[in-house]
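Here's the structure we're looking at; comments come further down.
As the structure is a prediction and not an experimental result, all values here were calculated from the model. Note on naming: letters A, B, ... go to the chains in the order of the sequence lines (proteins, then strands), and numbering restarts at 1 for each one.
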Protein chains: 2
Amino acid sequence: MRDRRAERREATRAEILEAAWTQVRSDGLAALSLRDLAAAVGMRPPSLYSYFESKNAIYDAMFAQAAQQFLDDQVFTEAPPSGDPLADLQAGMRSFARFCTDDPARYQLLFQRTIPGFEPSPESFALSAHALERTARRLAEIGITDPADIDLLTALGTGLTDQQISNDPGGDRWLRLVDDAMAMFFHHVSGRPATPAERGPQ
Amino acid sequence: MRDRRAERREATRAEILEAAWTQVRSDGLAALSLRDLAAAVGMRPPSLYSYFESKNAIYDAMFAQAAQQFLDDQVFTEAPPSGDPLADLQAGMRSFARFCTDDPARYQLLFQRTIPGFEPSPESFALSAHALERTARRLAEIGITDPADIDLLTALGTGLTDQQISNDPGGDRWLRLVDDAMAMFFHHVSGRPATPAERGPQ
DNA sequence: GTCTATATTTGGATAGAC
DNA sequence: GTCTATCCAAATATAGAC
């Protein structure tokens, strides 16, 4: 039969995590405070320890949520190849960049390592490693296998994303360069120049 | 005549800043602690306030030092055009990437905004703005004037640098892609494909 | 200029009653 | 499970003696 107590506990954990996301989105990832978090959910700080054994356990649960959302979100790694590798690459990078800019705090937790003393648990890390493997497999399908090319692609992806988040939050100044950047990259690694149509709107 | 007291004061300020750099390089930019800083220079914490009016004033002095070093370091903006725009672009980006990876804490202070509550003073900020203007002027000399192209170039520069710092500290996994990335970019914006020689060593 | 002493705030975490 | 009460550590900053 249903374990109503366990269900209630899970619901409270989820509520605490949701409040934690709200807090880091507004004050920054590093500014998570158990004091404020407890107040947000109507508890006293010690009560949080009934649900998470430490502050880092909360970060770890958030990391796992973010990794799962990344797995669910990335259209690129799920949709079948369209027969147009460049179009697939552009769609995949648009999806990645959108995922990152939609929630900079989530991006920071998942892809940057700025929380002093926090390391994701092996289980949480396995989730994100799985997503990266899936991406590499998909890139291989469209002929991108050289590790140096993949490194260049990741630099482009994080560079566009970081600039967008840091210098034009909420806008699209760098997001709108994604198609052009992917055309540049694709024709560089395949040895052909981009046609004006492929470069996308300027 | 010389003001020996002022000289001594400046020397102590410099000594404090040097200890501060040592601390942030080892523990992270955000981990600067007045307590540890005072201990490192053989003072009690309150004595630091004779030299800097606040912790943010120390960050600001560090920011000004970093901006000045950036101005002094960037070969690209000082050397005369060589007549080979791509070679100039590659040399300039190599210089930028090297400057950033040489001291990640300095890079973080100067180009990222991760210290909660710290904003550089107008005087300090003017130093870094000056450096950016000089770069834009130099890019114009080699024919790069489209703001979208400049945005793409900055995304490449920060992406390569961030990946290098985050994922291969002390190595050259992304640094060695700089020449190739600049060839890719240059020929994309000038409409010609890169020759194998221009792409540099793979 | 430097110190002692202290104020104040904030943080994570624990003990034990209920 | 939640609370009160408390602990401990660390942080920035100020007052005032020397």
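Nucleotide C/dG1 holds its C1' atom 16 Å from the OH atom of B/Tyr49, rounded to whole Å. Atom CG in B/Leu37 sits about 15 Å away from atom C1' in D/dA13, given to the nearest Å. Atom CD in B/Glu53 sits roughly 15 Å away from atom P in D/dT12 (whole-Å rounding). Rounded to an integer number of Å, the gap from B/Tyr59 OH to D/dA11 C1' is 12 Å. Here C/dG11 presents its P atom at 9 Å from CG of A/Leu34, a figure rounded to the nearest Å. A/Asp36 places its CG atom 15 Å from the P atom of C/dT9, with the value rounded to the nearest Å. The nearest whole Å value for the distance from the CG atom in A/Asn56 to the P atom in C/dG12 is 10 Å. In this structure, CZ of B/Arg44 is placed 13 Å from P of C/dT2, rounded to the nearest angstrom.
Side-chain N or O atoms of B/Ser124 include none that pairs as donor or acceptor with a backbone N or O of B/Pro120 at under 3.5 Å. A side-chain donor-acceptor contact under 3.5 Å links A/Asn56 to the backbone of A/Gly117.
For A/Tyr51, whose side chain is taken as the heavy atoms from C-beta onward, the closest listed nucleotide among C/dG11, D/dA13, D/dT2 is D/dT2.
Nearer to the 5' terminus of DNA chain D, by closest-nucleotide assignment, is the contact made by A/Gly42 (compared with the other of A/Arg35 and A/Gly42).
Salt-bridge annotation for A/Arg138 and A/Asp88: present, with a side-chain N of the basic residue lying under 4.0 Å from a carboxylate O of the acidic one.
Residue contacts shown for B/Pro46 include a base, since a base heavy atom lies under 4.0 Å away. Using a 4.0 Å heavy-atom distance criterion, A/Ser33 is classed as a sugar-phosphate-only contact.
Aromatic ring centres of A/Phe99 and A/Phe111: separated by at least 6.0 Å.
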